[in-house]
Amino acid sequence: MARVAIIGGTGLNRLRDLEIDHREVMHTPYGEPSGPLTFGRLAGNEVVFLPRHGTGHTIPPHQVNYRANIWALQHIGIEYVIAVAAVGGIRKGLGPATLLLPDQIIDYTWGRENTFFDGDREKGVTHIDFTYPYCARLRDRILHAARENGIPLVECGTYGATQGPRLETRAEIDRMERDGCDVVGMTGMPEAALAREAELCYAAINVVANWAAGRGEGSGEIRMEEIEQHLERGMEKVRALLEAVIPAL
Ligand code: HPA
């Protein structure tokens with residue numbers, strides 16, 4: 001039985017090298033996950049793949065059913081979750097196609113279903129520890145795999161999660177930079193917190209798709225065609241990193 005799941009984001013709706021075994025439509029107490037879970041083998045190892053935005057990339061970040069996705073993975077016995085997500089680069093040096101392994105999060109999202117502990121009067125109130133939001137064990141394995149295989153990876157950074165689906169204003173990015181955010185994305189929360197509540201060992205690989213608003217050369221508008229090209233370059237590296245790390249889990 002697979003112990004590792006990959007949640008694919010924008011630019012990774014499909015795992016090209018996955019040898020597919022079967023797909024499973026799941027129903028959860030929280031509704032439907034983003035799509036059927038795909039069971040298969042990557043680099044000879046069993047994995048489960050779930051595209052966060054649906055198979056046809058139709059679910060926007062604020063409408064992803066994060067609870068159903070995480071519940072489904074926990075329910076089938078997954079232990080490790082590697083979440084791949086496109087981001088905008090805020091900090092200098094985090095230009096397009098860079099890979100980052102974030103170690104911190106600041107959550108600016110609102111109105112999302114963000115907990116499994118929704119006031120069960122019998123069990124009482126539950127607060128999970130979230131000081132270090134990503135699983136250290138999995139981060140270490142990913143770092144090690146990147147180093148061993150010569151895959152460039154920025155080893156830490158703070159992920160700022162925005163509501164979307166619109167991109168940010170320049171002033172919003174200025175504020176996020178003052179707050180200490182290194183990258184900005186729209187899907188990292190509540191996914192990471194739910195994974196912690198579900199006691200899954202969860203880490204994220206961020207792929208910089210564009211300079212965040214008002215950053216980078218020219219600092220003009222953000223163009224979607226450019227994002228797609230950068231993402232494709234970045235995802236090649238992600239595929240290599242996944243193939244390197246999965247056998248070690
Ligand atoms: N902002 C928010 N989310 C993103 C961006 C961005 O600039 N690029 C990719 N995901």
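Counting convention: from 1, in listed order, for ligands and their atoms alike.
Contact annotation for Thr10 and ligand 1: no heavy atom of the residue comes within less than 4.0 Å of the ligand. Contacts between Leu167 and ligand 1, counted as non-hydrogen atom pairs separated by less than 4.0 Å, involve the side chain only.
Residue contacts with ligand 1: Thr162 is placed with no nitrogen or oxygen under 3.5 Å of a nitrogen or oxygen of the ligand (distance criterion only). Checking only distances, Trp211 never comes within under 3.5 Å of ligand 1, N or O to N or O.
The closest protein non-hydrogen atom to atom 3 (N) of ligand 1 is Gly185 CA, 3.4 Å. Looking from atom 2 (C) of ligand 1 to the surrounding protein, the closest heavy atom is Glu168 OE2, 3.2 Å. Nearest non-hydrogen protein atom to atom 4 (C) of ligand 1 is Val184 O, 3.6 Å. Shortest contact from atom 5 (C) of ligand 1 to any protein heavy atom: Gly88 N, 3.4 Å. Among protein heavy atoms, the minimum distance from atom 8 (N) of ligand 1 is reached at Asn210 OD1, 2.6 Å.
Panel note: side chain Asn65, backbone Tyr30; a donor-acceptor pair is recorded below 3.5 Å. Looking at Arg91, its side chain never comes within 3.5 Å of a backbone N or O of Leu94 through a donor-acceptor pair. The main-chain N or O of Glu113 is never found under 3.5 Å from a side-chain atom of Arg67 such that the two would form a donor-acceptor pair.
Atoms of ligand 1 found under 4.0 Å from any heavy atom of Ala86, numbered from 1 in the order shown, are 9 (C), 10 (N).
At a threshold of 4.5 Å between non-hydrogen side-chain atoms, the residues His53 and Thr187 count as touching. With a 4.5 Å cut-off on side-chain heavy atoms, Val87 and Pro102 do not count as touching.
In plain terms, the two heavy atoms of Cys156 and Leu100 that are nearest each other are O-CD1, 3.3 Å.
Summarising the geometry, atom CD belonging to Gln229 is positioned 13.0 Å from atom CE belonging to Met224; distances are rounded to the nearest 0.5 Å.
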